[in-house]
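Report on the following structure.
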Number of protein chains: 2
Amino acid sequence: MEPMAAPSPGKCHKANEVIALIGDKWTVHIVMQLATGKKRFSEIERSVDGISRKMLTTTLRGLERDGYVTREVFPTIPPRVEYELTNFGRELSCPLRALGDWAAANHDRVLAARRAYDNRVED
Amino acid sequence: MEPMAAPSPGKCHKANEVIALIGDKWTVHIVMQLATGKKRFSEIERSVDGISRKMLTTTLRGLERDGYVTREVFPTIPPRVEYELTNFGRELSCPLRALGDWAAANHDRVLAARRAYDNRVED
DNA sequence: CAGAATCCGTCTGGATACTG
DNA sequence: CAGTATCCAGACGGATTCTG
């Protein structure tokens, strides 16, 4: 395969600064869920397996801060809050999905490589 | 925009298990560097700004374990170790680059959104 | 229901020193 | 040169409790 052009350092740095947010444990899950449509807090909580209330709040705030998600509060009783991807968030979800699809498709290859490596190392 | 089909939970879980590795602070940088060709340990160290020796070693080991990178040791003095993407690693670098490119291109929009959010919150 | 606040153990990752 | 080993502060994140 042909080596590709070296990315400029500035570009790499910029990319990583943005990727820092989406690279945490939960963001990809949440964005993928919201990519299916508007959702309430507790809906997301139920659809993202294992997430704590705290981390869901924290992650959603980060996404909102970076402009990927809108947060709409309905002052009803009981309260109700809906989250939805912005257009910007939907843009993000495309490369994110490409990566997610690749990861899901190659999951087994990675696990196989891991087992092979671990066997090689035990000696 | 049309809502897309909900990804299956299994797929999401698989994807995240793989993304867990690439989602850390340094992996994207390192894979991008290696996408430009074979490199020695200290070359990578110099090209990835701010990384510590420990994290470079750790991250490279993880990439090797998952089959993305090969590690070749030359028993010379002084020692010399070369890292190179496998075909599998080059496959990964494609969706990763798409994400990286998007992130770099939208870096400023994210920063602007952050500033706007932070101003809104200070009250 | 949708959080905010608090406590607290775990793990990450940087700094430093040593090795073949 | 390319690591390994050790120490350690600080961040991360889970559990729990409290609130409008």
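In what follows, chains carry the letters A, B, and so on, assigned in the order in which the sequence lines appear, proteins first and then strands, with residues in each chain numbered from 1.
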Can you tell me if the side-chain N/O atoms of [X] get under 4.0 Å from OP1 or OP2 in [N]?
| X | N | result |
| --- | --- | --- |
| B/Ser42 | D/dA2 | yes |
| B/Thr57 | D/dG3 | no |
| B/Arg40 | D/dA2 | yes |

Protein-nucleotide distance ([X], atom [atom1]; [N], atom [atom2]), rounded to Å:
| X | N | atom1 | atom2 | result |
| --- | --- | --- | --- | --- |
| B/Glu43 | D/dG3 | CD | P | 13 Å |
| A/Arg71 | C/dC1 | CZ | P | 16 Å |
| A/Ile77 | C/dC1 | CD1 | P | 14 Å |
| B/Glu82 | D/dC1 | CD | C1' | 13 Å |
| B/Glu64 | D/dG3 | CD | P | 10 Å |
| B/Leu56 | C/dA15 | CG | C1' | 16 Å |
| A/Leu60 | C/dG3 | CG | C1' | 11 Å |

Can you get from [X] to [Y] by hopping between Ile, Leu, Val, Met, Phe, Trp and Tyr side chains that sit under 4.5 Å apart?
| X | Y | value |
| --- | --- | --- |
| B/Leu34 | B/Phe88 | yes |
| B/Val73 | B/Leu63 | yes |
| A/Val48 | A/Val81 | yes |

Test of understanding: with side-chain hydrogen bond (donor to acceptor under 3.5 Å, both in side chains), list the residues that count as partners of B/Asp108, not counting sequence neighbours.
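In terms of side-chain hydrogen bond (donor to acceptor under 3.5 Å, both in side chains), with neighbours along the sequence ignored, B/Asp108 is linked to no residue.
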Please tell me if the side chains of A/Tyr68 and B/Val110 come closer than 4.5 Å, counting only heavy atoms from C-beta onward.
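A side-chain contact exists here, since the closest heavy-atom pair is under 4.5 Å.
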Interatomic spacing from CZ in A/Arg40 to CZ in A/Arg80 - rounded to 0.5 Å:
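Atom-to-atom, A/Arg40:CZ and A/Arg80:CZ are 5.5 Å apart.
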Interatomic distance, B/Leu92 atom CG to A/Arg109 atom CZ [nearest 0.5 angstrom]:
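Output value for this atom pair is 10.5 Å.
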At 4.0 Å (heavy atoms only), tell me whether B/Arg53 reaches a base, stays on the sugar-phosphate, or touches nothing.
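Base contact.
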How is B/Tyr83 classified with respect to the nucleic acid when contacts are heavy atoms under 4.0 Å: base, sugar-phosphate, or nothing?
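Sugar-phosphate: the residue B/Tyr83, judged by heavy atoms under 4.0 Å, touches backbone atoms but no base.
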Indicate the atoms forming the closest heavy-atom contact of A/Leu85 with A/Val31, along with that distance.
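For A/Leu85 and A/Val31, the tightest heavy-atom pair comes out as CD1-O, 4.1 Å.
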Ion pair check, A/Glu45 and A/Arg53, cut-off under 4.0 Å
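A/Arg53 and A/Glu45: salt-bridged.
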Identify all pairs in which a protein N or O lies below 3.5 Å from an N or O of nucleotides 18-20 of chain D, and state each distance.
none

Atom pairs, N/O to N/O, protein against nucleotides 12-15 of chain D, distance under 3.5 Å?
residue	atom	partner	partner atom	Å
D/dG13	N7	A/Lys54	NZ	3.3
D/dG14	OP2	A/Ser52	OG	3.1
D/dG14	O6	A/Lys54	NZ	2.2

